[in-house]
Amino acid sequence: REEVERLYRGEPTHLIARDLLRPVADYNIPKDPFLELIRGCELDLAGTRYETIADLEGYMRGVASSVGVMCVHVFGWRHTSREAMYEFAATFGYAFQLTNIIRDVGADLEIGRVYLPLAEIREAGYSVDRLIRRDHGSAFDRLIEGQYRRAKSYYARARSLVDFRDRPSILPAEIMAHVYEGLLDEMKRDGFRVLFHKTSLPAHRKLALAVRAWLYCHGL
């Protein structure tokens with residue numbers, strides 16, 4: 001945090017922070033997203049668990065949405081309001097991170113991490129103990145189906161916020177979104193077997209989704 005503060009005060013900094021001087025100035029990247037990213041990483045280091053979706057969104061805002069806000073400054077925009085573009089970046093960040101959380105449920109267990117909202121685990125008739133035992137039954141399916149629907153709603157909400165004339169500028173974000181949403185749908189088709197392996201997409205599928213993103217951003 002101190003390095004970020006020094007960077008924005010124009011004071012001498014360490015090498016990594018010095019490397020940020022030019023892009024921060026060129027793209028007018030604000031300070032707050034850097035501080036948010038640090039906060040989110042601290043939550044990971046602490047192994048924090050999240051009781052509600054609001055709590056989880058607070059974490060995702062730190063580790064994912066913060067990067068999105070930095071990126072839209074690099075991409076640029078002209079027709080969408082700043083508030084809507086920031087909300088777009090935040091909501092795509094939620095979508096990407098929740099997709100990662102669903103995909104990595106099993107892998108995260110191996111390092112003692114549980115990101116799924118604890119209240120929703122209980123509401124599904126499931127438990128953290130059963131999750132740790134990798135008990136894949138109907139309760140787990142209810143839990144993950146709910147997260148899948150939430151992630152899909154994030155993707156749709158984010159896209160609704162951007163003026164169509166700004167879509168070409170955010171092509172890199174849309175390529176990532178198309179690939180991640182494709183991964184999300186693949187996990188559903190696979191029956192959410194995420195307790196046992198990490199779903200991935202072959203290169204040709206990613207290429208096809210990138211092409212679809214280009215067509216979407218150019219109104220085709």
TODO: List the steps, then state whether salt bridge (charged side-chain N to carboxylate O under 4.0 Å, His left out) holds for E51 with R122.
DONE: CA-CA 10 Å; E51 178 65 21; R122 294 191 298 270; 2.3 Å; yes
TODO: Could you walk me through whether D104 and K198 pass the side-chain contact (heavy atoms from CB on, under 4.5 Å) test, one step at a time?
DONE: CA-CA 6 Å; D104 295 343; K198 291 177 66 169; 3.0 Å; yes
TODO: Begin with the C-alpha distance, continue with both residues' side-chain angles, and end with the deciding distance and a verdict on salt bridge (charged side-chain N to carboxylate O under 4.0 Å, His left out) for D55 and R49.
DONE: CA-CA 9 Å; D55 297 332; R49 293 184 180 181; over 6 Å; no
Task: L20 and I29: CA distance, side-chain angles, deciding distance, side-chain contact (heavy atoms from CB on, under 4.5 Å) verdict - done: CA-CA 10 Å; L20 290 171; I29 301 173; over 6 Å; no
- [ ] For side-chain contact (heavy atoms from CB on, under 4.5 Å), just list the numbers for K152 and D185, CA-CA rounded to whole Å, side-chain angles, deciding distance to a tenth of an Å, and then say yes or no.
- [x] CA-CA 9 Å; K152 293 289 284 188; D185 290 333; 3.2 Å; yes
TODO: Please assess D129 against D135 for the test side-chain contact (heavy atoms from CB on, under 4.5 Å), listing each intermediate value before the final yes or no.
DONE: CA-CA 9 Å; D129 286 343; D135 180 355; over 6 Å; no
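The structure places CG of L116 at 9.0 Å from OH of Y126, a figure rounded to the nearest 0.5 Å. F75 CZ to Y27 OH: the interatomic distance, rounded to the nearest 0.5 Å, is 10.5 Å. The CD1 atom of I38 sits 10.5 Å away from atom CD of E2, with the distance rounded to the nearest 0.5 Å. Atom CG of residue L184 and atom CD of residue Q147 lie 10.5 Å apart, to the nearest 0.5 angstrom. To the nearest 0.5 Å, atom CG of residue L171 and atom NE2 of residue H218 are 6.5 Å apart. The distance from atom CD1 of I144 to atom CD of E120, rounded to the nearest 0.5 Å, is 10.0 Å.
With contacts defined as side-chain heavy-atom distances shorter than 4.5 Å, the pair I121/V114 qualifies. Considering only heavy atoms from C-beta on, L143 stays 4.5 Å or farther from F192 through its side chain. Inter-residue side-chain proximity for V105 and L131 is flagged as met; some heavy-atom pair is nearer than 4.5 Å.
Residues M176 and V74 do not share a hydrophobic cluster, clusters being chains of Ile/Leu/Val/Met/Phe/Trp/Tyr side chains in contact below 4.5 Å. Cluster annotation: V63 is not connected to L35 through the hydrophobic network of ILVMFWY side chains, with a link wherever side-chain heavy atoms come within less than 4.5 Å. No continuous path of hydrophobic side-chain contacts links W214 to L201 [ILVMFWY only; heavy atoms under 4.5 Å]. Side-chain heavy atoms closer than 4.5 Å link hydrophobic residues (I, L, V, M, F, W, Y) into clusters, and following such links, possibly through other members, connects V128 to Y50. In this structure, V211 is not a member of the same hydrophobic cluster as L183, with clusters built from ILVMFWY side-chain heavy atoms closer than 4.5 Å.
Residues G182 and R205 come closest through the heavy atom pair O-NH2, 4.2 Å. Contact detail for R159 and A177: the closest heavy-atom pair is NH2-CB, 3.7 Å. For the residue pair Y59 and D44, the shortest heavy atom distance occurs at OH-OD2, 2.9 Å. Across all their heavy atoms, A139 and G125 have their closest contact at CB-O, 3.7 Å. Closest approach of L56 and Y115 over heavy atoms only: CD1-O, 3.5 Å. What you find for H79 and D166 is that their closest heavy atoms are N-OD2, 2.9 Å.
Among residue pairs with one or both ends in residues 69-78, those qualifying as side-chain hydrogen bond (donor to acceptor under 3.5 Å, both in side chains) are H73-Y86; sequence neighbours excluded.
Using a cut-off of 4.0 Å between Lys/Arg side-chain N and Asp/Glu carboxylate O, E36 and R39 are scored as salt-bridged. Between R142 and E145, none of the side-chain N atoms (NZ, or NE/NH1/NH2) sits under 4.0 Å from a carboxylate O, so this pair counts as no salt bridge. A salt bridge is defined here as a Lys NZ or Arg NE, NH1 or NH2 lying under 4.0 Å from an Asp or Glu carboxylate O, and E181 with R212 fails to meet this definition.
Side-chain atoms of R167 do not come within 3.5 Å of backbone N or O of G219 as any donor-acceptor pair. Remark: the backbone N or O of D163 is paired with a side-chain donor or acceptor of T80 at under 3.5 angstrom. Side chain of R134 to main chain of L195: a donor-acceptor pair is present (N/O by atom type, distance under 3.5 Å, no hydrogens or angles).
A donor-acceptor contact closer than 3.5 angstrom is absent between the side chains of D141 and S138. A donor and an acceptor atom, one from each side chain of Y154 and E57, are located under 3.5 Å apart.
Scored by the side chain to side chain donor-acceptor pair (under 3.5 Å) test, D108 finds no partners at all (sequence neighbours excluded).
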Please table the atom pairs, donor to acceptor, closer than 3.5 Å between any side-chain atom in residues 87-103 and protein atoms at least two apart or in another chain.
{"residue": "E87", "atom": "OE2", "partner": "R157", "partner atom": "NE", "Å": "3.3"}
{"residue": "E87", "atom": "OE2", "partner": "R157", "partner atom": "NH2", "Å": "2.7"}
{"residue": "T91", "atom": "OG1", "partner": "E87", "partner atom": "O", "Å": "2.7"}
{"residue": "Y94", "atom": "OH", "partner": "R61", "partner atom": "NH1", "Å": "3.2"}
{"residue": "T99", "atom": "OG1", "partner": "A95", "partner atom": "O", "Å": "2.8"}
{"residue": "T99", "atom": "OG1", "partner": "Y155", "partner atom": "OH", "Å": "2.8"}
{"residue": "N100", "atom": "OD1", "partner": "R103", "partner atom": "NH2", "Å": "3.2"}
{"residue": "N100", "atom": "OD1", "partner": "Y180", "partner atom": "OH", "Å": "3.4"}

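The number of heavy atoms from other shown groups lying within 6.0 Å of CZ (R22) does not exceed 12.
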